[in-house]
Amino acid sequence: MSDTVLSNFTQTVQEERQYSRKYRVAIIGTGWIAEAHAESYLAQPDVEIVALADLIPGKAAAFAKRYGIENAHLYGHHTEMLAAEKDLDAVSVCTYNRTHAECTIDCLKAGINVLLEKPMCVTTEEAVEIIRAEKESGKLLSIGFQPRMDENMQMIKRIVDSGALGEVYYIQTGGGRRRGIPNSTFIEQKTAGLGALGDIGCYSLDMVLNAIGYPKPLTVTGYTSNFFGTNEMYMKPDRFHTAKENADRFDVDDFAAAFIRLEGGIILDFRISWAMHLDTPGDTVILGKKAALRIPSTECWNGTVGGPMKLYTDVAGEQVVTEIPILPSDGKLFDRKIRSFLDAIDSDKGAPVPSSQILYNQAIIDGICKSAKLGREIKIQIPEI
């Protein structure tokens, strides 16, 4: 029985990619996440990193030296770069969350394709303005959700798409870290705007929303807290701050939970955490009218599957559990993210992770924050674009 069920979700074999030209790429923001972008771009045979921009004096130069791209042009502000560089094919926006919208909109208006790191931005309104700029420019915009490239994440979508679950009516999802609070610009409103919600919550939401076709969110009851980040006992020092200083400047969420109603009568029960006393807030569960799927959580949630998934169903009056083994991964999700973005530039297939989907992801995150502040359920309002 198990082999029969599993055969419904087999992967298709993809043809080897062909490279036809050299892409001239720039990176805005040369912090931690930009390192992964640079490494992946440099691993591509048809990419040249020609420009870097960073607000902190000397940071872009040090980055260029570290990655052996000393010939790249260096800029202190992304607008200077856009004014000077007239033949860019693509830009990776790797700045802190609060400047995602500004940098992306400016690049699109300059007629450049953009790979925007997650989260898309901070508010629904910013997401709408980004998509308006995208449509007006006619350029490609993809959002940086590399977990989508994971074979096991793709398996979840194939299971749902196969009809094995029937009509989905309830989803429980989330993720957490017992201790996993980052430092730097992640923990302040003025730079991040969002805490765990924006850092790993957007991944958790995308895992299930992508699987079920990204239905429109309708209402949300949200809760946020920051009991751990504001306590120096749970904070770590960094190069510039003591543990107490980091706790004193911490003003984003380190835990969030929500109850979300989606189009189609689907309920989404969600929670996410940077820090808590538990090792996990629970597995992801997708309930359908024909079957249910359990997706094991990981101890330190990072957008992966924590073990073999299980499909629960009835066959000929018997309760059956089918274990779906973990699919092997080459560990090159970031490379695939970069490659799929580059390939999409010269194709008509659209963005690998389209902004029209992540708009709903962002609206849910923003709705959780707004609901938590008001202490009640709110309607999710998404302006016309």
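The first residue of the sequence shown is numbered 1, and numbering continues consecutively from there.
- The closest side-chain heavy-atom distance from Ile324 to Ile159 is below 4.5 Å.
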Checklist line | Step-by-step side chain to side chain contact (heavy atoms under 4.5 Å, CB included) determination, Thr173 to Leu268 | finding: CA-CA 7 Å; Thr173 195; Leu268 176 55; 3.6 Å; yes
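- Side-chain N or O atoms of Gln362 include one that pairs as donor or acceptor with a backbone N or O of Val122 at under 3.5 Å.
- Within 6.0 Å of CZ in Arg261 there are 12 or fewer heavy atoms belonging to other residues, nucleotides or ligands.
- Of the candidates Met235, Lys236, His241, Asp238 forms a side-chain contact (heavy atoms from CB on, under 4.5 Å) with just one, namely His241.
- In this structure, Tyr75 and His73 have perpendicular ring planes: the angle between them is above 60°, well past the 30° mark.
- A single hydrophobic cluster is seen to contain both Val353 and Ile385, as judged by linkage of ILVMFWY side chains at heavy-atom distances under 4.5 Å, directly or through other members.
- Between Lys337 and Glu117, at least one side-chain N (NZ, or NE/NH1/NH2) sits under 4.0 Å from a carboxylate O, which counts as a salt bridge.
- Ion pairing between Arg177 and Asp279 fails under the 4.0 Å rule for side-chain N and carboxylate O.
- Of the possible polar contacts, none joining the Asp253 side chain to the Thr224 backbone as a donor-acceptor pair under 3.5 Å is found.
- Distance alone, capped at 3.5 Å, is enough to place a donor-acceptor pair between the Arg98 side chain and the Gln189 backbone.
- The closest side-chain heavy-atom distance from Phe145 to Asn361 is below 4.5 Å.
- Side-chain N or O atoms of Tyr23 include one that pairs as donor or acceptor with a backbone N or O of Leu342 at under 3.5 Å.
- Across every non-hydrogen atom of Ser137 and Leu108, the tightest pair is CB-O, 3.2 Å.
- Atoms CD1 and CG, from Ile260 and Leu209 in turn, are 8.0 Å apart once rounded to the nearest 0.5 Å.
- Val252 and Phe186 fall within a single hydrophobic cluster, where Ile, Leu, Val, Met, Phe, Trp and Tyr are joined by side-chain heavy atoms under 4.5 Å apart, directly or via other members.
- No side-chain donor-acceptor contact under 3.5 Å links Tyr41 and Asp335.
- The shortest distance between side-chain heavy atoms of Lys216 and Leu262 does not fall below 4.5 Å.
- The backbone N or O of Ala275 lies less than 3.5 Å from no partner atom in the side chain of Asp254, so there is not a single donor-acceptor pair.
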Next item on the list: Report the C-alpha separation of Val315 and Thr313 in whole Å, then their side-chain angles, then the decisive distance to 0.1 Å, and conclude whether the side chain to side chain contact (heavy atoms under 4.5 Å, CB included) test is met.
Entry: CA-CA 7 Å; Val315 177; Thr313 189; 4.1 Å; yes
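- Pairing each heavy atom of Ala363 with each of Thr124, the nearest pair is CA-OG1, 3.4 Å.
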Next item on the list: Show your reasoning for whether side chain to side chain contact (heavy atoms under 4.5 Å, CB included) applies to Ile295 and Asp283.
Entry: CA-CA 6 Å; Ile295 305 161; Asp283 293 343; over 6 Å; no
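- One finds the CG atom of Asp314 at 9.0 Å from the CD atom of Glu318 (value rounded to the nearest 0.5 Å).
- Ser273 approaches Ile200 most closely through the heavy-atom pair O-CD1, 3.5 Å.
- Here Asp346 pairs with Arg21 in a salt bridge; the nearest charged N to carboxylate O distance falls below 4.0 Å.
- Salt bridge status for Arg249 with Glu188: present, with a side-chain N to carboxylate O gap under 4.0 Å.
- Under the 4.5 Å side-chain criterion, counting only non-hydrogen atoms from C-beta, Glu70 is in contact with Lys65.
- Annotation: the span from Lys310 atom NZ to Glu323 atom CD amounts to 6.0 Å, rounded to 0.5 Å.
- Ring geometry, Tyr360 versus Tyr214: the interplanar angle falls from 30° to 60°, so the pair is classed tilted.
- The residues Arg336 and Glu151 are annotated as salt-bridged, a charged nitrogen and a carboxylate oxygen being separated by less than 4.0 angstrom.
- The line from CG of Asp161 to CD of Gln154 is 11.5 Å long, rounded to the nearest 0.5 Å.
- Taking the ring centroids of Phe255 and Phe227, they lie at or beyond the 6.0 Å cut-off.
- Contact record, Ala90 with Ile345: CB-CD1, 3.9 Å, taken as the closest heavy-atom pair.
- Side-chain atoms of Ser92 do not come within 3.5 Å of backbone N or O of Cys94 as any donor-acceptor pair.
- At a threshold of 4.0 Å, the pair Glu125-Lys370 counts as salt-bridged, since one of the basic side-chain nitrogens sits closer than that to a carboxylate oxygen.
- Aromatic rings of Phe228 and His277 (six-membered ring for Trp) have centroids within the 6.0 Å cut-off, being under it.
- Criterion: ILVMFWY side-chain heavy atoms under 4.5 Å apart, direct or through other members. Under it, Met207 and Phe259 are not part of a common hydrophobic cluster.
- Counting heavy atoms from C-beta outward, Leu141 and Leu115 have side chains that stay 4.5 Å or more apart.
- Atom CZ in Phe341 sits 10.0 Å away from atom CD1 in Ile143 (nearest 0.5 Å).
- The shortest side-chain heavy-atom distance between Met81 and Leu88 falls under the 4.5 Å cut-off.
- Put simply, Phe270 and Ile267 are part of two different groups of oily side chains (I, L, V, M, F, W, Y) that touch within less than 4.5 Å, one to the next.
- Using a 4.5 Å cut-off on side-chain heavy atoms (C-beta onward), Leu55 and His77 make contact.
- Taking both residues in full, the closest heavy atoms of Gly174 and Thr284 are given as N-OG1, 4.1 Å, listed atom of the first, atom of the second, then distance.
- Of the charged side-chain nitrogens involved, at least one lies within less than 4.0 Å of a carboxylate oxygen, so that Lys118 and Asp199 count as a salt-bridged pair.
- Although no hydrogens or angles enter the test, the distance criterion places no donor-acceptor pair under 3.5 Å between the side chain of Ser371 and the main chain of Ile368.
- A continuous path of ILVMFWY side-chain contacts below 4.5 Å connects Leu359 to Ile130, so both sit in one hydrophobic cluster.
- A heavy-atom distance below 4.5 Å is found between the side chains of Val114 and Val93.
- Looking at Lys22 and Asp46, no side-chain N of the basic residue comes within less than 4.0 Å of a carboxylate O on the acidic one, giving no salt bridge.
- Between Asp251 and Lys190 there is no salt bridge, since none of the side-chain N atoms of the basic residue sits less than 4.0 Å from a carboxylate O of the acidic one.
- Here the OG1 atom belonging to Thr104 is positioned 4.0 Å from the CG atom belonging to Leu116, to the nearest 0.5 angstrom.
- Residues Arg339 and Gln44 have side chains that bring a donor and an acceptor to within less than 3.5 angstrom of each other.
- Between the side chains of Thr30 and Asp54, at least one donor N or O sits under 3.5 Å from an acceptor N or O.
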Margin query: One pair to check against salt bridge (Lys or Arg N to Asp or Glu O under 4.0 Å): Asp89 and Arg24. What are the steps and the verdict?
Written below: CA-CA 5 Å; Asp89 293 301; Arg24 293 174 57 81; 5.7 Å; no
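- Contact record, Ala51 with Ala72: N-CB, 4.0 Å, taken as the closest heavy-atom pair.
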Next item on the list: Please report the C-alpha distance between Leu197 and Cys369 in whole Å, then the side-chain angles of each, then the deciding distance to 0.1 Å, and finally whether the side chain to side chain contact (heavy atoms under 4.5 Å, CB included) criterion is met.
Entry: CA-CA 9 Å; Leu197 265 173; Cys369 295; 3.7 Å; yes
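- Asn226 places no side-chain N or O within 3.5 Å of a backbone atom of Gly229 that could act as its donor or acceptor partner.
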Next item on the list: Kindly indicate, with the supporting measurements, whether the criterion salt bridge (Lys or Arg N to Asp or Glu O under 4.0 Å) is fulfilled by Arg66 and Glu35.
Entry: CA-CA 10 Å; Arg66 186 159 70 251; Glu35 296 177 0; 3.3 Å; yes
